[in-house]
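Please read the structure below before turning to the comments.
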Number of protein chains: 2
Amino acid sequence: MSKSTAARALSGASNVTDEARERVLDAARVVGYERNDLAVGMRSGRTGLLGLVIPDITNPFWAEVARGAQDRAAQNSMSLLVFSSDWDHGREASHLRALRQARVDGAIINPVGDNFDDLDRFGLPFVLIGSSAERFPATSSVGSDIAQAVRIGMDYLVAKGHHAPALILGPKSRIARARFLRTFHEHCVERDVDPSALPMEDGDYTVEGGHAAMKRLLARGRARHLAVFAANDMMALGAMVAVREAGLRCPEDVSILGFDGVPAGAFSWPGLTTVAKPGREIGMRAVDCLFDEIAGRPEHGRVFMPCRLVERGSLADLSVDQPRRTAGAGRG
Amino acid sequence: MSKSTAARALSGASNVTDEARERVLDAARVVGYERNDLAVGMRSGRTGLLGLVIPDITNPFWAEVARGAQDRAAQNSMSLLVFSSDWDHGREASHLRALRQARVDGAIINPVGDNFDDLDRFGLPFVLIGSSAERFPATSSVGSDIAQAVRIGMDYLVAKGHHAPALILGPKSRIARARFLRTFHEHCVERDVDPSALPMEDGDYTVEGGHAAMKRLLARGRARHLAVFAANDMMALGAMVAVREAGLRCPEDVSILGFDGVPAGAFSWPGLTTVAKPGREIGMRAVDCLFDEIAGRPEHGRVFMPCRLVERGSLADLSVDQPRRTAGAGRG
DNA sequence: TTGAAAGCGCTAACAT
DNA sequence: ATGTTAGCGCTTTCAA
């Protein structure tokens, strides 16, 4: 029997006798044959490899995204190369290069910044993940519905009597920051609040960054009550520690609202009230989109996954006893 | 100019004229040439790919290990395929198969259970990570020094007046459990404590598991003070929540000691006192060992990384006012 | 339905 | 120092 017939049997082609197929499959089982994906990739141009570039693998939110992507990839018998860029342009560029050299069939990318040259040059099918999509309108993307998320958060803050929350944002270099801020501003305008009057500090999406930002916020002087909306949970958790270190209490003196829905938020004290993104679903959905992209049918376009509020104990309810407006909270 | 000369220039071989090399490199730059790792792998048998199989990518400890491995791999211009087995034998087996088919040069593996058949059949160089090493004495391994870690923990517990702590362990199927328990017993014997009298419950290394285990522990009846040594931080954090839910206080009523050193432990209230493993270093070291293994020089053998105590607020100090022995704590 | 043969991009003998 | 050649394991024409 020739190699071709065997190959056809192995790859499940139709033009093979049932008898021949069985003989091949049996033999393969006996010998313990395992097809060499490398060689297949060489000829067919498809490696069965997918890439994922996220900013921080140790951030539970991104780990959750990675897990979702991994699972969905496995369901389609593909493997996932996970890279953490650590918010570093150089690292990101080298990861992109590694992905290309490994001849991945496609990649899911959360770009570090607004330098999209590397992406333009990427040359392989890819899907954006996170908030960077709007700078790349031609590319499919999956992210959370920031507009909806911010609205949920604002509605909750207002319902609890916090009409002018301070903000702890991501670094200026990140597109997600602008996206968050713009949406926030829109909601302020809707509520006749002047957003420029609200205190805001930049963090870097890490616990330490949130901690430092909160210290700066506190140093601005104190109102009766300060409410803070942090752009991610890790910063919110850091902020909470800073509050305690300052001899203040959360939520009695300072209310904190997070964004992400990481598990650790359930174990802080008080528990972190937060707007939760569906990380796992985002990862899975991104893989689906990537498959469409690879197949040349970018049906999805931009996908925005809905978020939901997880109510725990980090926000004081100011609405009950004294429903007043504290515009400029945190400035004293 | 022939392909060979070009190839030699590109791969940095010595037997090429400087002039020829420069011409090749220039041309490569102009064309934007990028070597095809697949083809290289095909001929040379090396893909530049490494595999990592961990039980849970969303557990911050393992994420830290993955990050360390990733970094070290990148330093040697290799890529890492990260797989999460989720403590499932079938998943693990399929990941191992994926690794083999992708023709990784080697893998770092934390086996799910004691079914080592898959590993025996793996056929590629690999290094064990975690506690499973002792079942595979012939294989290089990297893990934390459990004996030292347990001693540190016990010394601290005893120093604070907790002579008979309860235990929240991992599932019976995991080797790490036996390792932890055996070491614990040895330390008990050294201190004239009967380990069989101490209450212990099984968890599954998740927050939920720790939560449930603590509830069972509490249901056994209460001593004046209960001290608990959890086999990992996530379970310790879950236990802490259970304590609060039971209307008890940590550390006043229940002291908790964790094991891992995950960042979230710093944001619980009280902060989690824990024995911290060097996750990142373990990941990096494992890659080093793997390189040795691939090169056919298994110099390292078994590497045990030292752990250290991180003192936060989850343990009460019983030693000051009443230095007594509460053997059988938690039984009433 | 099957076989023969070419070739994916590269490397490693070997010959020059 | 350079060129020539064979071949890694597979898929895919093209003929039979």
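Within every chain, numbering begins at 1; the chains are lettered A, B, ... in the order of the sequence lines, protein sequences first and strands thereafter.
Contact check for B:R91 versus A:D71: side-chain heavy atoms found under the 4.5 Å cut-off. Side-chain contact between A:L128 and A:V142: absent, with no pair of heavy atoms (C-beta onward) separated by less than 4.5 Å. Side-chain atoms of B:L124 and B:L99, non-hydrogen and from C-beta on, never get closer than 4.5 Å to each other.
Here the straight-line distance linking atom CG of A:L80 with atom CZ of B:F83 works out to 8.0 Å at 0.5 Å rounding. The line from OG1 of A:T5 to CZ of A:R21 is 11.5 Å long, rounded to the nearest 0.5 Å.
Listed by residue number, there are no residues of residues 94-102 of chain A with a heavy-atom contact under 4.0 Å to DNA chain C.
In this structure, the ring-ring contact (aromatic ring centres under 6.0 Å, His included) partners of A:F122, at least two apart in sequence or on a different chain, are A:F126.
Proximity of B:S2 to the phosphate of D:dT4: no side-chain N or O atom is located under 4.0 Å from OP1 or OP2. Note on B:T5: a side-chain N or O is less than 4.0 Å away from OP1 or OP2 of D:dG3.
C:dA13 atom P lies 13 Å from atom CG of B:N15, rounded to whole Å. Rounded to a whole Å, the CG atom of B:D18 is 15 Å from the C1' atom of D:dT2. Taking atom CD on B:E22 and atom P on D:dA1, their separation rounds to 16 Å, with Å as the unit.
Side chain of A:N110 to backbone of A:I54: no donor-acceptor contact under 3.5 angstrom is found.
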Carefully, step by step, assess B:Q70 and B:R67 under the rule side chain to side chain donor-acceptor pair (under 3.5 Å). CA-CA 5 Å; B:Q70 183 93 85; B:R67 182 220 277 273; over 6 Å; no
Starting at the 5' end of nucleotides 8-16 of chain D, put B wherever the base has a protein heavy atom under 4.0 Å, S where only the sugar-phosphate does, and a dash everywhere else. BBBBB----
